[in-house]
Structure formats: C-alpha cells, structure tokens
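Here is how names work: the chains are called A, B, and so on, in the same order as the sequence lines, proteins then strands, and each is numbered from 1.
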Amino acid sequence: MPGPGQSGLVCELGDDGSPAGDPVEVSDLVAAVREHEEEGVGTRWVWPSAAGIYPRLLRADVRVARCHDVALAEALIAGRDAALGAGALGAGAGRAGAGSVRGGGIGVGLGRGGVGGGGALDAGQAGCDRLDRARDDRLERALELLRVWSAAAAGEAGAVAFTAAGGGQADQQALFDRALAGAPDHPKPRDTLNALIDVHADQLRRIAADEHPGRFGLLVAAESAGALVAAEMTMAGVPWRADAHDALLTEMLGPRPAMPGQRPARIAELAAQVAAAFASSGAGGGPGHRGGRRPVNPDSPAQVLQAFAADGIRLSSTRLAVLRDVDHPAVEPLLEYKELARLHSAFGWVWLDAWVRDGRFRPEYVVGGVVSGRWASRGGGALQIPRLLRRAVVADPGWVLVVADAAQLEPRVLAALAGDRAFAAAAQAGDLYAEVATAFAGDRRKAKIAMLSAMYGGAGGEAGQLLAVLRQRFPAAAGYVEAAARAGEEGRVVRSVLGRACPPPSANWRALTEEAADPDAERDPQAGRASRARGRFTRNFVVQASAADWAQVMLVSLRAGLSKINGRNEGVQVLSGSAAVAPGARRQRPDLVFFQHDEVIVHCPREQADAVVAAVSRAAEEASRLVFGPTRVAFPLNTAVVDCYADAK
DNA sequence: GGTCGGGGCGCG
DNA sequence: AAAGCGCGCCCCGACC
C-alpha cells in the first residue's frame, strides 16, 4: 500500500467507470494525489476505503476534494438489494428526484472526472438484471481483495474491522482465515487496481438501476465525502483543555487519587453513606438482621435491589427514574453516587490520559456505523460526552468555535417526507412545537409528547390520546409513520429519503411471526411483541435515517463551503511537493472538529467566524434543497460563535 | 485467567 | 417526568 515515497498505480476512468487509458505507475502515489488536487480539475478518487488510505494522505498534508468510497458504497447498495428482496417500501416513493452525482472518477485509482459533465449516475444505463453467477463470483473475489487492501492500508493499527458489506461474523472469520492461510497482505497493485475498476463500474450500474438513481447517487456521494470529513476531523481533533477538565473533576470528585483504581474522596464518601443508610435501617428491622449487614456495592444493581428488598421495598430496577420516587435514606446518596461514579469511570482522569494529547481529543468516527446512517464512534465515547464537560472544549487563543445544531430536525424531516400541508406550514416556523401546540390548546408540552410518540411509537400514558389529536390535525404526517410501522410489522423493509435501506428482519423474527400468523397455532405473545418492536423500529427508521441523510449532506456541503474560505498562512509555508510542515506553521483555515447527528462544530480563526456562520447557513439550505427538493418546510439552525462549547445555548 | 450478556446511563 | 427510537462504554456476574 502506498505511503509517502511509495509507488502506486493510477488509472483514469470514464464516466461509466471504464478505464479511459492505461494505468500509470507513479513513483510516489501520495505526491501524485497531491499534484492532481493542485491542478484543480475536479478529480474524484475511487478507492477501496477512505478510512484505509485517507489518514495517510492527511498525515502528508494532502487533502482531496472528492472520492468514491467503494466499501461504503457497497454497504449501501448491498443493503438496498437485500431490501428489494424483502419488499421495500420507499420512504419518498413518488417524489421527484433530487440530487445528482456527476463525473467519472480516477481509480487508485483515480479519474479526472468531467466536472459538470454528464451525470454518470443519472444516465439511464441498463440495469444489472442479467448478472450471471460467474460474474457475481468474480466481483465477490474483487471485493474481498479490496477489503484485504483496506485492512493493510490502515497500517500501524494492524487488523482493522473489515467493513462487512452484507457479511456477518462468519464472513469476516472466513476472510481472516484466508488471510492467515497466505493471502497476500499487500495484494499486487495491478490486481487491486483491476478489482477496484470492476467493482466501481458495477456499483455505478447498480446505482443507476435504483428506483431513484439521483437520490441514491447523492447518498453514495455524501457518504463517501462523509468519510473524508471523518478522517479530517480525527486529524484536527476537538480542542480540549485538560486543565479545565481536571479542575472540573477535582471540584466534583475531590483530588485525583494517588493510586489508580482508588475511589476519589467524594465517591468513597457517598458509597459509605449508602452502606450506612441500609445498615441503620436494617438494624431496627426484623429478627436475624442485627446490624451487621454486608456493605452494599452501589455499582451492583443486584446488591442494591436486594438491599432495598431487605427493607421491604421491591423495585423493578435501580434506574434513576425508579429510584427517584423511592422514600428511603439511601436514595439520595445513591443517586449522587451514580452520577459521580459514571463521570469518574467514563470521563475521568483515566479517559483524559488516554484520549487527550496536545490539547486535542481525537476520536475515530465510524461513517455509516449506525443502521440509520448516523455515525458511530470508536473509542473515547465521542458521541456521548456529558454536557457538563463542554466546559473543557475551548477554542485556541485567537480562534473561536462556531457551534450549529439543526433545530427540531426530526419532526421537520417528517413534515417534508410526508408532504403534509398543515404540518409543513407549522414547520415553517422557528419553533415547530409551538405551532403544533395550537392543536393542543396551546400546550407545547403536549405537542412535543405527541410528536415524539408518533416518531418513536410510544403509546403509553397520555400519548394515545395526544396521538389521536395529532392524527386528526396532521393526517398525512401521522399516516406516513404509521405506514412505515405497518411495513415493519409485516416484515417489509423501509428506506430513507435518499434510499438507505433498513435491515430486513432476522430469520428468527420471521420464524416467530410466521408461526403466529398460522391460525391453527397457539397465539405466542412473543410474536406480537416482536412484530410491534419491529414496527417501532421501521417507524423511527424513516425519520431518523432521513434526518441522517439531511445532516450528512449538510456536513459535506459545509466542508465544501469551508474550503473556499481562504485565510492567510501563518509561519512557514508548506513547500510544494514536500510532505513536511515546518514546526510552528499553522494553517489559518477553518477546521470541522465535531459532528454529532444534528450538530457541527467548526474551529476557526476569529476573523473567519462570520464567513463560517454564512457557510453553515448556506450548507443547511443546500442540504434541504438537495435532499427534499422544493419544500415549504424550513430547517433552521441554532448557531453560536463562542470561545467555549458550554456557552453555546 | 478471559469472554459475554445484561443493567444502567451518557448523547442525539 | 418519562415514554417510544438509535448508539458506546462502564461495571457486574455468570460462564468457560
């Protein structure tokens, strides 16, 4: 695999993905990529996986504008094909096509894509209905080769989880076995390139064969660009003040314990209080409980339940919500213990040592890691950082954080998806819930509960009543999620607005529900539960996954917008062709540093803040237009320019 | 000694 | 207030 100074093969591709010439061997692939980018001809790089190779390019200070990520594309396309087999219900069926993807690519391949030329993905090429088995096998082998390549390319980290495109544990194990049995760690460049070209061309055909090729192509393009953003964000890192984090911990927990594994003072104190509360109440209890009860470990739900039971309090669980209503002296210290112990174990000093270096927190993002298309993260709990710790996220001197989150994104997405006139009118407003509240005698709280219940499938308590009101007032919106729920209950598959498919039900689920559908069979209550659970999943999927579509398109649009903001360079300039950045040199450009489902953070020099805010706003508008086409629904952002993340709203 | 599922809780 | 959806990560305890 290429690294700085390592050779590689490059081949230009046409719009249909076929080679536009012979492969060219370059002595330094990274340098070759840099040169192509500097020519500014709109190259779209085609590679097995951005996660595998792009970090290396970034370490050599090479950025690319566009790519086609074969691994991510394969996951999307294979998911779509599995959905077709299960009977898909298109989320946006019947709507006009939205985005388009243009240009050919260059394979590491690379391609000098015709910017503005044709839409290879929109062209109505013949579908892939005639796929004979031999070809399938060849493409399977090619894909496998690319996975091996990607894993090898990931480099120092060693074995990387293969992005299983439709593969489960078994596939991965088989692949691993073959690798051990002598499959080359570094496949021959020529073989890799051929595999890449074949698979890519096949993917273009399969995208074009989609019911909505424009939208599906946009999804693949956005996912690929998302992988670029993810690698760049890991490289940039979230500015993190270890001293502020440490001060916060010390204030809440007491000083850092000298010995690792030791409880901080405040946590030890609370544990003792919990133990004492149970011991004292037990002392006066029935016979056989003369005081000396074993101290309760507050970290053990089983022990806590037992301790409460010994005092005559039977609990369904030790969850916060349950404990809050319990009248017992142990409750107060226990709740505080839980809060602080979690802070200590999940984001305490150990976390700080492991994850913050040189004033940056650098988590790894997993693009497409969630079935809905949301990103996941690996290590560091990047997407679960307690709001409390936002205090430690502070811009560098002279820099600011531009924090933007989409307001009430999911209900707005539903409004746009469903084409509900009344609901869309409500979604023109800045506060959607306040508008919906007119259906609930102005009670905003009820409006919110009704909306969330509609999107999540809640039906308990007052939710049922509120839902009835919602259904009457916004029939199309309610009908939309209910159709999705019905599809799920019947074992069908749903898709997001851009065509991301939810997974089909498991064999287990099918067996369970089919059995129950047999009129002669005993009614199994498990089957009903499983069916309703899948209904809630698909109901939520159409909304959450379409929101993820919007957010990722917004993110990559923002990336493009930010790249046009040119600041001065500070310090020594990067020499042309050199991988080295002089010490102290610092690019004065805005960095995307965080993305959490519906929220982005840009770290930039203070003088660029206005331009960044404008770019954010344009990105949201562009995402709305590309994903939903013409719609009356507004997608407003809350944007703040701050020194510290905690100060953003 | 290690692995793995469940409980619990942080985020959206 | 939580519920209903999606995650990652910690701890515990059962198990190998």
In whole angstroms, the gap separating C1' of C:dC5 from CG of A:Asn540 amounts to 3 Å

Answer for the Watson-Crick or wobble partner of C:dG8, both distances under 3.5 Å, is B:dC9

Heavy-atom nearest pair, A:Val542 first then A:Leu417, reads O-CD1, 3.5 Å

| message | Between A:Lys446 and A:Glu462, does any NZ, NE, NH1 or NH2 come within less than 4.0 Å of an OD or OE carboxylate oxygen? | response | no

**Prompt:** Any donor-acceptor pair under 3.5 Å between the side chain of A:Arg378 and the base of C:dG8?
**Reply:** no

Ranking C:dG6, C:dG13, C:dG8 by distance to the side chain of A:Gln544, first place goes to C:dG6

Ranking C:dG4, B:dC11, C:dG13 by distance to the side chain of A:Leu452, first place goes to C:dG4

Closer than 4.0 Å, any side-chain N/O of A:Gln596 to the OP1 or OP2 of C:dC7? no

Could you go over nucleotides 2-8 of chain B and give all protein N or O partners under 3.5 Å, atom names and distances?
residue : atom : partner  : partner atom : Å
B:dG8   : OP1  : A:Thr318 : N            : 2.6
B:dG8   : OP1  : A:Thr318 : OG1          : 2.6
B:dG8   : O3'  : A:Lys338 : NZ           : 3.2

In whole angstroms, the gap separating C1' of B:dC11 from CG of A:Leu388 amounts to 13 Å

- Would you confirm whether the ring centroid of A:His328 sits within less than 6.0 angstrom of the ring centroid of A:Phe278? yes

Exercise for review: Decide, yes or no, whether a salt bridge links A:Asp591 with A:Arg360 under the criterion of side-chain N to carboxylate O below 4.0 Å.
Suggested key: no

